[in-house]
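Read through the structure below, which is laid out as structure tokens, and then see the notes.
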Amino acid sequence: MKLLRVGPAGQERPVVLDDDGKLRDIGEPEIDGAFLASGGVARVREALERGDLPVVEAEGLRIGAPLARPGKIVCIGLNYSDHAAESGAEAPAEPVVFMKASGTMVGPHDEVLIPRGSVKTDWEVELAIVIGQEARYLGSAEEALGVIAGYAISNDVSEREFQLERGGQWDKGKSCETFNPFGPWLVTADEVGDPQKLPLRLWVNGELRQDGDTKNMIFDVAEVVRYLSQFMVLEPGDVINTGTPAGVAMGMPGQPYLRAGDVMELEIEGLGRQRQTVGQA
């Protein structure tokens with residue numbers, strides 16, 4: 001299933017996209033951790049199969065992030081060997097973990113704002129995991145895959161000077177407002193199938209910048225979830241950004257960082273497409 005939220009920012013309503021491309025009201029107050037933990041996906045699937053969900057007129061509706069504000073956004077750095085190389089780093093022996101403020105999440109087509117004082121705002125197309133069950137100390141890949149509710153596209157927008165040149169950890173280069181466009185859909189894990197067979201791409205102003213595949217992750221989806229559960233409790237509604245392939249501005253000749261007026265377009269096979277115009281904070 002493809003779950004999403006539509007409407008003005010702060011007033012989104014949860015819906016499901018049916019097989020005919022129509023939006024249907026799911027009859028739930030929100031798509032969030034409580035919804036996932038309480039069997040909300042199964043309830044919606046059953047209601048959809050019964051034909052009980054009313055059609056929502058889609059014309060003119062903004063698409064918001066498909067998940068209401070997550071509990072936490074956990075990110076994995078340098079998880080593609082080609083991106084590690086372009087960053088001047090060795091492939092890590094263990095996953096590189098950092099956090100991103102949950103308030104960075106915006107809709108897939110919302111404006112991305114360059115922070116004040118920024119000259120190195122960058123793009124990163126990523127596969128995002130959404131956790132559906134509480135998880136701690138997972139012991140196997142099978143257990144790890146079993147706690148995943150679904151997947152979505154994340155744009156892990158980053159300010160490289162803030163991240164790498166201002167001291168401390170990476171978080172302050174990752175947590176500026178609008179720095180995590182998310183969606184358009186939360187696609188349930190059963191529909192995605194193998195998460196290690198998903199091409200992902202990003203364009204800036206129509207030029208292809210990133211062209212990768214999740215098969216090239218250093219640490220695959222199951223290992224990322226298992227590993228994180230050794231260090232923190234994963235809760236329903238948490239999001240994990242799993243890393244980006246090569247092609248970011250930081251690793252390109254001339255470092256063509258984002259400027260106001262630029263347009264980013266992202267896609268992951270089966271998970272939809274994003275488009276953001278860049279503005280100035």
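For reference, positions follow the sequence shown, starting with 1.
Separating the CD1 atom in I218 from the NE2 atom in H83 is a distance of 9.5 Å, to the nearest 0.5 Å. Taken from CD1 in I129 to CD in E126, the straight-line distance is 10.5 Å, to the nearest 0.5 Å. Between the NZ atom of K120 and the CG atom of L258 there is a distance of 14.0 Å, given to the nearest 0.5 Å. The CZ atom of R275 sits 5.0 Å away from the OG1 atom of T277 when rounded to the nearest 0.5 Å.
Here the side chain of R43 pairs a donor or acceptor atom with the backbone of S38 at under 3.5 angstrom. One N or O on the side chain of T178 and one on the backbone of L113 form a donor-acceptor pair closer than 3.5 Å. Remark: the backbone N or O of A144 is not paired with any side-chain donor or acceptor of R226 at under 3.5 angstrom. At distances below 3.5 Å, not a single donor-acceptor pair connects side-chain atoms of D238 with backbone N or O atoms of I131. Listed for the D32 side chain is a donor-acceptor partner under 3.5 Å among the backbone atoms of A34.
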Determine all donor-acceptor pairs shorter than 3.5 Å in which one atom belongs to a side chain in residues 202-209; sequence neighbours excluded.
residue: N205; atom: OD1; partner: V263; partner atom: N; Å: 2.9
residue: N205; atom: ND2; partner: D262; partner atom: OD1; Å: 3.0

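S175 and K100 share no donor-acceptor pair across their side chains, judged by distance under 3.5 Å alone. Side chains of E159 and S118: a donor on one and an acceptor on the other come within 3.5 Å. Using modelled atom types and a 3.5 Å distance limit, the side chains of Q210 and T244 yield a donor-acceptor pair. If you check the side chains of S229 and R136, you find no donor sitting under 3.5 Å from an acceptor. D156 and S154 are not linked by any side-chain donor-acceptor pair at a separation below 3.5 angstrom, with hydrogens and angles left out of the test. Residues N155 and Q276 have side chains that bring a donor and an acceptor to within less than 3.5 angstrom of each other.
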Discussion item. Under the criterion side chain to side chain contact (heavy atoms under 4.5 Å, CB included), I'd like the reasoning laid out for L48 against D18: C-alpha separation, chi angles, the key distance, then a yes or no.
Written reply: CA-CA 8 Å; L48 185 62; D18 70 15; 4.1 Å; yes
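When all heavy atoms are compared, the tightest approach of V41 to T188 is CG1-CG2, 3.8 Å. For E86 against V248, the heavy-atom pair with the smallest separation is OE2-CG2, 3.2 Å.
Here E269 does not pair with K197 in a salt bridge; the nearest charged N to carboxylate O distance is not below 4.0 Å. By the 4.0 Å N-to-carboxylate-O rule, D52 lies close enough to R50 to be salt-bridged with it.
Two residues are said to be in side-chain contact when any heavy atoms from C-beta on lie closer than 4.5 Å; S81 and N216 fail this criterion. Side-chain contact between I76 and V96: absent, with no pair of heavy atoms (C-beta onward) separated by less than 4.5 Å. Counting heavy atoms from C-beta on, the side chains of E177 and T104 never come closer than 4.5 Å.
Counting only residues at least two apart or in different chains, ring pair (Phe, Tyr, Trp, His ring centres under 6.0 Å) contacts with residues 128-167 are absent.
A side-chain hydrogen bond (donor to acceptor under 3.5 Å, both in side chains) with E30 holds for exactly one of R69, R5, R13; it is R5.
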